[in-house]
2 protein chains.
Amino acid sequence: MTAQQLTRNQALVLDALSAAEAPLSAYTILDKLRGDGFRAPLQVYRALEKLQDFGLVHRLESINAFVACAHPDEDCCSHGLTAFTICESCGKVTEFHDHMIEERLAAFASDRNFRPGKTTIEIRGHCAGCA
Amino acid sequence: MTAQQLTRNQALVLDALSAAEAPLSAYTILDKLRGDGFRAPLQVYRALEKLQDFGLVHRLESINAFVACAHPDEDCCSHGLTAFTICESCGKVTEFHDHMIEERLAAFASDRNFRPGKTTIEIRGHCAGCA
DNA sequence: CAACTTATGTAATAACATTACATTTAGATT
DNA sequence: AATCTAAATGTAATGTTATTACATAAGTTG
Ligand SMILES: [Zn+2]
Ligand SMILES: [Zn+2]
Ligand SMILES: [Zn+2]
Ligand SMILES: [Zn+2]
C-alpha cells in the first residue's frame, strides 16, 4: 500500500495533523476543518483510515488520538513495529523503532503459533521538558 | 497498592471477568451484572478502576476491553511492563512479561529523559487455534 | 458512453466514558 | 454507643469516540 496522490479530504486531515504540536482526536480534526467544508465525523474517520493505510498517520490507541508519521519517507510502518512515547502533560509524541523489541515480540508470537497483526507499543509518561 | 478485601461490586466485576473466555467491555459487564443490581456504567467503571489499582485486572487499550490478570498472585503488574497477545478471531488473550523488552524501553526513555508511566504493549493477531 | 470502483455527503445511531450530586456504608475516634 | 470521616455506592445526565446506512458524486476502464 503505497501513498498515491491524496484526495482533498485526506490532504486536509494530514495537514491538520502535521501542523499540530500534539496528537489530535478525530473530533478535534473535524472542528479544525469545518472552515474547509467538513461537516461530519465520517469525513475525518475515512480520511484517517486511508492515511493509516498509506503509512502517513498513526493512531495512538491509549489516548484515542492520531499523529502524523514522524518519518513517512522511510516507509517506516511497513517495516513492522512502531513505538511511541506520549507526554501526558504537553502531548508531545516521539515515534521510534527497535529491532530487538521487534524480534523479541516476534519470537514470543512464533513460539506460540500466534500470527501477529498490528502491534501497539505506547509509553505514557512525562517528557524531559515536563519533568 | 495491595489487594485488600474486595467490595461487593468489585468482587462481582472480577468474577465476571474471571469467568469470561475473552475480554469484556465495561458495558458487557454491566449487562452481565444487571441481575445483581447493577444499573449504571459508573458502577462498573469504578470497580474496574480499583481492580486495576490492585493489579487484578488489565485494560486492553486497543480494544476498549478488560481482562482479569493471568497471575495476580505474583503481583505481576507492579514489577513493570505487561504485554498481551489478543486473538481478533476468538478473543483469547495471553499475558506475558519480558525483561529484555522492559529494559530496552526503559533505556530508550532514560536516554531522552522521558519519565515513563504506564506502558501498553498489545499484539493483535490470530492465535494458534484460529490460524 | 456504460460499467465499475472509489470517494463523498449526511443523518442517525451505537459504543465508550465521565461529571455532578446525593446517599450510604465501613472504620476509626472519642 | 455516639460521633466523625473516608470510601464506596446509586442515579441521572452528559460528554466523547466511532460506526451503520443510504444516497450522491467523481474518477477509471473497456
Ligand atoms: Zn511512522
Ligand atoms: Zn511534555
Ligand atoms: Zn497481570
Ligand atoms: Zn483465536
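Chain A is the first sequence line, chain B the second, and so forth, proteins listed ahead of strands; every chain is numbered from 1.
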Tell me whether the ring of A:Tyr27 lies stacked over the D:dT17 base, given a 5.5 Å limit on centroids and a 30° limit on the plane angle. yes

Is B:Arg59 close enough to C:dA17 that one of its side-chain N or O atoms is under 4.0 Å from OP1 or OP2 there? yes

Please tell me if the side chains of B:Ile86 and B:Ser62 come closer than 4.5 Å, counting only heavy atoms from C-beta onward. yes

Between A:Tyr45 (OH) and D:dT16 (P), how many Å, whole number? 12 Å

Distance-only polar pair, side chains of B:Gln52 and B:His58, donor-acceptor under 3.5 Å: no

Phosphate OP1/OP2 of C:dA15 contacted by B:Asn64 side-chain N/O (<4.0 Å): no

Nucleotide of D:dA21, D:dA12, C:dA17 approaching B:Leu42 most closely (side-chain heavy atoms): D:dA12

Interatomic distance, A:Leu30 CG vs C:dT10 C1' [rounded to whole Å]: 13 Å

Using whole Å, report how far CD1 of A:Ile63 lies from P of C:dC16. 19 Å

A:Asn9 side-chain proximity, nearest of C:dT10, D:dT9, C:dT8: C:dT8

Whole angstrom is fine here: how far is it from CD1 in A:Ile29 over to P in D:dA18? 10 Å

In whole angstrom, what separates B:Arg46's CZ from C:dA22's C1'? 11 Å

If you compare every side-chain N and O of A:Gln43 against the phosphate oxygens of C:dT8 (OP1, OP2), does one of them come in below 4.0 Å? no

Rounded to the nearest angstrom, tell me the gap between atom CD in A:Gln5 and atom P in C:dT6. 18 Å

Of the listed nucleotides (D:dA18, C:dA7, D:dT11), which one gets closest to any side-chain atom of B:Ala40? D:dT11

Roughly how many Å is it from CG in A:Leu33 to C1' in C:dT8, rounded to a whole number? 15 Å

Starting the side chain at C-beta, find the nucleotide from D:dA18, C:dC16, D:dT17 nearest to A:Phe66. D:dA18

Hey, which of these two, A:Ala47 or A:Pro41, hits DNA chain C nearer its 5' end, going by closest nucleotide? A:Ala47

N-O pairing of B:Glu61 and B:Arg59 below 4.0 Å: yes

How many whole angstroms separate atom CG of A:Leu48 from atom P of D:dT19? 11 Å

Relative to B:Phe108, does B:Arg112 satisfy both conditions: NZ or CZ under 6.0 angstrom from the six-membered ring centre, and within 45 degrees of the ring's axis? yes

Would you kindly compare A:Thr7 and B:Ala65 by the position of their nearest DNA chain C nucleotide and give the one closer to the 5′ end? A:Thr7

Treating A:Ser18 as the side-chain partner and A:Leu14 as the backbone partner, does any N or O pair qualify as donor plus acceptor under 3.5 Å? yes

